[in-house]
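In what follows, a single structure is set out as C-alpha cells and then discussed.
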2 protein chains.
Amino acid sequence: MDTTDRFGLAYDVFSRNCPSRGTLEHVTGRWGALTLGALSESSLRFNELRRRVDGVSEKMLSQTLHALERDGLVHREAQPTNPPRVDYELTPLGREVTGRLLDLIHFVQGRMDDVLAARERYDTARGGR
Amino acid sequence: MDTTDRFGLAYDVFSRNCPSRGTLEHVTGRWGALTLGALSESSLRFNELRRRVDGVSEKMLSQTLHALERDGLVHREAQPTNPPRVDYELTPLGREVTGRLLDLIHFVQGRMDDVLAARERYDTARGGR
DNA sequence: CAGAATCCGATATGATACTG
DNA sequence: CAGTATCATATCGGATTCTG
C-alpha cells in the first residue's frame, strides 16, 4: 500500500485528510465556483465581483478570495493608490481548473429541464413528501 | 431582459434562486462529489458506498443519495428480500455529469503539488498568519 | 474602494440509538 | 442490511460596524 491511488495520483480525494479534498471544496463550493466563473471572463475588482456574484456578502467573498489566492488559483493585484484599487484575476492554473469547472456547470445548466422533470417524478411518486 | 443568460441558457447559476445552483451544489458538494465518483466505477450498495466514501456518516450518505436520486442522477434499485438489498447506480444523465466532474477532480488531484507549493509561498509571505 | 472584526442565527454534519 | 429519528455541535453565512 503506497501513497498513490489507482489512478496513479499521489492525492486521493476519496480519503479524508487529503489536501485535494480541501482544494476541491474551495473550487466547487457555493461561492468558489461562482467567483471563478465570474473571473473566467475578465479580471474584476472587489466590488465588481460582489455585484457579479449575486448574493455574496463581503465577508464570504473576502474569505473565498483568500482561499483561492492561497491555493494559487487567483492572483491579487493591489495598486497602492488612494482610493485603493485591487484587481483579481485567474492564474494559469486557475484558468485550467475553471475551464473544467465551467464544462460541468454549463452541462448541468443545459440539462436542468431533465433534472426538473426528474424532481417532479420523484416528488409525485412520493405524494408531495 | 429575458430569462436566458449570455450563454443562451435558461438557467443562470450566477443568479440566486436559480434551480441549477441547487443541483450544482448537490453534485459538487463534499459528499455529492465523492458519492458520484464512487458510483462511476460500479453500482454499489449502501454500506459499500459508506466504506468507499471515507468519513461519510449514515445520515449524510442517506441525505446525499436522496438528493441525487431526486435530481435524476442516481437510480435506486431495491430488492424486496430479507435482509434488504439496495443497489445504487448512475443514470445516463448522472454518468454524463460525473464524467465532467471527474475531469475536474482528476485535474486538481494531478496539480496538488502546485497548489501545495502556492500555499507555502502564501503562508511564508505572511509570516504564518 | 477594499477590506477586517464582531455578533448571532441558520444550516450542515456527526454520534448515537432505534426500526423493519 | 438499509436505513430513520434525535440531539448536540461545528461551521457557514449575513448584517452591521469600523478603518486606512
Side-chain angles (χ1 to χ4, degrees), chain A residues 15-17 21-35 38-39 43-70 74-89 122 125-127 129, chain B residues 14-17 21-35 38-39 43-70 74-89 122 125-129:
Chain A
S15 302
R16 75 233 250 191
N17 299 115
R21 200 134 131 176
T23 298
L24 231 7
E25 279 162 37
H26 297 157
V27 171
T28 63
R30 172 130 127 238
W31 303 123
L34 298 173
T35 299
L39 290 175
S43 74
L44 292 170
R45 301 173 63 175
F46 188 83
N47 280 307
E48 289 174 335
L49 265 173
R50 203 151 117 60
R51 283 186 290 275
R52 183 78 181 81
V53 179
D54 193 18
V56 72
S57 65
E58 291 183 0
K59 177 184 167 182
M60 292 315 298
L61 180 56
S62 173
Q63 194 173 302
T64 299
L65 286 169
H66 279 311
L68 295 175
E69 187 193 355
R70 191 168 100 101
V74 164
H75 174 69
R76 178 179 185 277
E77 186 75 39
Q79 316 285 333
T81 59
N82 191 300
R85 177 190 175 99
V86 180
D87 287 273
Y88 291 92
E89 62 181 337
Y122 183 96
R126 282 159 197 73
R129 181 153 343 274
Chain B
F14 285 94
S15 302
R16 46 236 278 175
N17 298 112
R21 199 133 132 176
T23 298
L24 233 5
E25 278 163 38
H26 298 157
V27 171
T28 63
R30 173 128 129 241
W31 304 122
L34 298 173
T35 300
L39 290 176
S43 74
L44 293 169
R45 301 174 62 174
F46 188 85
N47 280 307
E48 289 175 334
L49 264 172
R50 201 150 119 62
R51 283 185 291 275
R52 184 78 181 82
V53 179
D54 192 18
V56 71
S57 64
E58 291 183 359
K59 178 181 167 183
M60 290 317 297
L61 180 57
S62 173
Q63 193 172 304
T64 298
L65 286 169
H66 279 311
L68 294 175
E69 187 193 355
R70 191 168 99 101
V74 164
H75 174 69
R76 177 179 186 276
E77 187 75 40
Q79 317 284 333
T81 58
N82 192 302
R85 178 193 175 94
V86 180
D87 287 274
Y88 290 93
E89 63 181 335
Y122 183 96
R126 283 159 196 72
R129 180 157 338 283

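Quick note on labels: first sequence line is chain A, next is B, and so on, each numbered from 1.
- Atom OG1 in A:T64 sits 10.0 Å away from atom CZ in A:R30 (nearest 0.5 Å).
- Annotation: cation-pi pair A:R50/A:F46 absent, no NZ/CZ under 6.0 Å from the ring centroid and within 45° of its normal.
- Comparing A:K59 and A:R85 by the nucleotide of DNA chain C whose heavy atom lies nearest to each, the residue mapping closer to the 5' end is A:R85.
- The nearest whole Å value for the distance from the CZ atom in B:R50 to the P atom in D:dA2 is 11 Å.
- No hydrogens or angles were tested; on distance alone, a donor-acceptor pair under 3.5 Å links the side chain of A:E58 to the base of C:dA4.
- With rounding to whole Å, B:Q63 atom CD is found 15 Å from D:dT6 atom P.
- Between A:R76 and the phosphate of C:dG3, there is a side-chain N or O to OP1/OP2 separation shorter than 4.0 Å.
- A straight line from CG of B:L65 to P of D:dT4 spans 10 Å, rounded to a whole angstrom.
- Nearest-nucleotide mapping onto DNA chain C: of B:G55 and A:S62, the residue sitting toward the 5' end is A:S62.
- Rounded to whole Å, atom C1' of D:dA8 lies 16 Å from atom CE of B:M60.
- Side-chain N/O atoms of B:R30 include none lying less than 4.0 angstrom from OP1 or OP2 on C:dA12.
- Annotation: the span from B:E25 atom CD to B:T23 atom OG1 amounts to 9.5 Å, rounded to 0.5 Å.
- When the side-chain nitrogen and oxygen atoms of B:Y88 are compared with OP1 and OP2 of D:dC1, none of them lie within a distance under 4.0 Å.
- The nearest whole Å value for the distance from the CD atom in B:Q79 to the P atom in D:dG3 is 12 Å.
- For C:dG3, neither phosphate oxygen OP1 nor OP2 lies less than 4.0 angstrom from any side-chain nitrogen or oxygen of A:H66.
- The CH2-C1' distance, from B:W31 to C:dA12, rounds to 11 Å in whole Å.
- When atom types are taken as modelled, the side chain of A:T28 and the backbone of A:L24 share a donor-acceptor pair closer than 3.5 angstrom.
- Atom-to-atom, CZ of B:R126 to C1' of C:dA4 comes out at 15 Å; the value is rounded to the nearest Å.
- Between B:R51 atom CZ and D:dG3 atom P the separation is 13 Å, expressed in whole Å.
- Of all non-hydrogen atoms in B:L68 and B:T35, the two that sit nearest each other are CD1-CG2, 4.2 Å.
- Checking the phosphate oxygens (OP1, OP2) of D:dA2, a side-chain nitrogen or oxygen of B:R45 falls inside 4.0 Å.
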